[in-house]
Amino acid sequence: MIRRRSTPWIHYWSRPLLGAIATLGILNTGYLTYEKLTGGTPVCNVGEQGCMDVLSSYWGTVFGQPLALFGLLAYMGMFILALFPILLISKDSKKSNQSKNIQQIENLSWWLLLIGAIAMTVFSGYLMYVLAFQLQAVCWYCIASAIFALSMLILTILGREWEDIGQVLFIGLIVVVVTLITTLGIYSKPPVDITTDTTTSGQQRITFSPREEPNPNFGWEITTTSGESEIALAQHLVKIGAKEYVAYWCPHCHEQKLLFGKEAYQIINNNNITVECAADSPKGKPALCQAAKIQGFPSWIINGKIYGGVQNLSDLARLSGYMGPQNFKYFR
């Protein structure tokens, strides 16, 4: 009597587990994408160097869009590939011709899952390298995404019985090489300190990507100059008692300074509007930031309301009720 070989539990549960992990990835990247596209500030530990620093860095944007958006699309694709064949099988697999088609779809989906998992793991590995050696920071969202990608790769490899291991290794090698070449091509342009782009109205667009370590006392030097409007707005913010919460290592905080310019931001500094939240700064007051329930940098408190992220000066004028001249020199 010939005994039928039992199906390993990992083969039975691999697709549901892949779907569950992809769901976690969707929630992770979906949250970051929403916050980025709506101008919000992701929840990060106050004083933790790296979270907002990483998400706002040169590596956090691809083709002008937040990297999290592409991660969201990748996880959604893995979710569909993992669970769609299950729905087909449960719907109708009794007819022989349909069963054959479903089997072909299932087999194709496994190969696509393998390719997707390898590509996501390789890309996540590159980002972990950047995190450790370039940014030297911690981003739990990024680490979680890397763990999800690696978990899906392991499940994809162990989740079914691959008939031709040589073919798996060959395709895997091709995917690794293509992913690395594509990744290095995307990030081939080195980050610059300040990028300006003058519009037809005369305003200059400001973006900042650091190439040197910040000074714990002040971050980076402010290289832009202030005009009449910037100085008047700074004086108005002092008058109404506005507060700005920053961390010296935060590039976005420096972008906020660049929007004001050196002279206007000196007014803000001299009147104690700015609160330094980094615990390792000589000026750090993390307890005040925690008491104010600050979750990201920079954050403004104006008339009792918290506004997260870099604010264009025109927005600060509107939020604070400023009615003076508004021919601001810079925008983001």
Side-chain angles (χ1 to χ4, degrees), residues 34-42 52 55-57 60-61 64-66 192-210 214 218-248 250-277 288-289 292-332:
Y34 172 79
E35 293 291 349
K36 189 72 173 179
L37 294 180
T38 58
T41 304
M52 286 302 299
L55 296 174
S56 61
S57 71
T61 302
Q65 299 298 324
V192 296
D193 288 331
I194 301 176
T195 301
T196 60
D197 178 23
T198 305
T199 65
T200 54
S201 63
Q203 279 189 309
Q204 292 184 335
R205 184 189 300 273
I206 293 285
T207 58
F208 173 73
S209 295
F218 56 83
W220 296 273
E221 291 284 353
I222 301 175
T223 56
T224 54
T225 58
S226 306
E228 176 187 356
S229 299
E230 287 81 8
I231 292 174
L233 175 61
Q235 293 171 338
H236 172 74
L237 292 172
V238 171
K239 183 178 180 180
I240 66 171
K243 288 290 184 182
E244 182 196 19
Y245 295 82
V246 301
Y248 74 87
C250 167
H252 277 357
C253 299
H254 189 65
E255 285 182 338
Q256 187 72 79
K257 297 177 184 179
L258 294 173
L259 293 178
F260 275 100
K262 186 174 183 178
E263 296 79 7
Y265 205 79
Q266 188 174 3
I267 294 173
I268 291 175
N269 265 336
N270 292 343
N271 289 274
N272 299 318
I273 279 186
T274 303
V275 180
E276 175 61 60
C277 297
L288 293 181
C289 303
K293 299 181 180 180
I294 301 302
Q295 296 181 337
F297 312 118
S299 287
W300 288 87
I301 294 185
I302 300 174
N303 297 325
K305 294 184 179 181
I306 299 177
Y307 301 93
V310 182
Q311 304 294 325
N312 280 315
L313 299 194
S314 57
D315 294 326
L316 284 177
R318 174 177 52 82
L319 296 172
S320 64
Y322 168 75
M323 302 300 292
Q326 299 189 25
N327 55 326
F328 302 117
K329 298 170 65 175
Y330 311 105
F331 74 102
R332 180 178 180 275

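Just so you know, these numbers come straight off a predicted model, no measurement behind them.
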So [Y] and [X], do their side chains get closer than 4.5 Å, heavy atoms only?
| X | Y | value |
| --- | --- | --- |
| Glu230 | Glu263 | no |
| Val246 | Glu276 | yes |
| Leu316 | Tyr307 | no |

Closest approach of [X] to [Y] (non-hydrogen atoms, all atoms of both residues):
| X | Y | value |
| --- | --- | --- |
| Ala247 | Cys253 | N-SG, 3.6 Å |
| Leu288 | Tyr245 | O-CE2, 4.2 Å |
| Phe297 | Cys250 | O-SG, 3.6 Å |

Candidate list Leu258, Ile222, Asn270, Thr224, test side chain to side chain contact (heavy atoms under 4.5 Å, CB included), partner Tyr265, passing option: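 With Tyr265 as partner, Leu258, Ile222, Asn270, Thr224 yield a single side chain to side chain contact (heavy atoms under 4.5 Å, CB included), made by Ile222.
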Look at the side chain of [X] and the backbone N and O of [Y], then say whether any donor-acceptor pair between them is shorter than 3.5 Å.
| X | Y | answer |
| --- | --- | --- |
| Lys243 | Ser299 | no |
| Thr274 | Asn269 | no |
| Lys329 | Thr225 | yes |
| His236 | Ser320 | yes |

Distance in Å, [X] [atom1] paired with [Y] [atom2], rounded so as to fall on 0.5 Å steps:
| X | Y | atom1 | atom2 | answer |
| --- | --- | --- | --- | --- |
| His254 | Leu259 | NE2 | CG | 10.5 Å |
| Ile206 | Gln256 | CD1 | CD | 11.5 Å |
| Ser226 | Tyr330 | OG | OH | 7.5 Å |
| Leu313 | Phe331 | CG | CZ | 12.0 Å |
| Asn271 | Lys239 | CG | NZ | 13.5 Å |
| Ile231 | Phe260 | CD1 | CZ | 11.5 Å |

Residue pair Trp300, Leu319: steps toward the side chain to side chain contact (heavy atoms under 4.5 Å, CB included) verdict: CA-CA 10 Å; Trp300 288 87; Leu319 296 172; over 6 Å; no
Flag if over 12 foreign heavy atoms under 6.0 Å of CD, Glu228: no
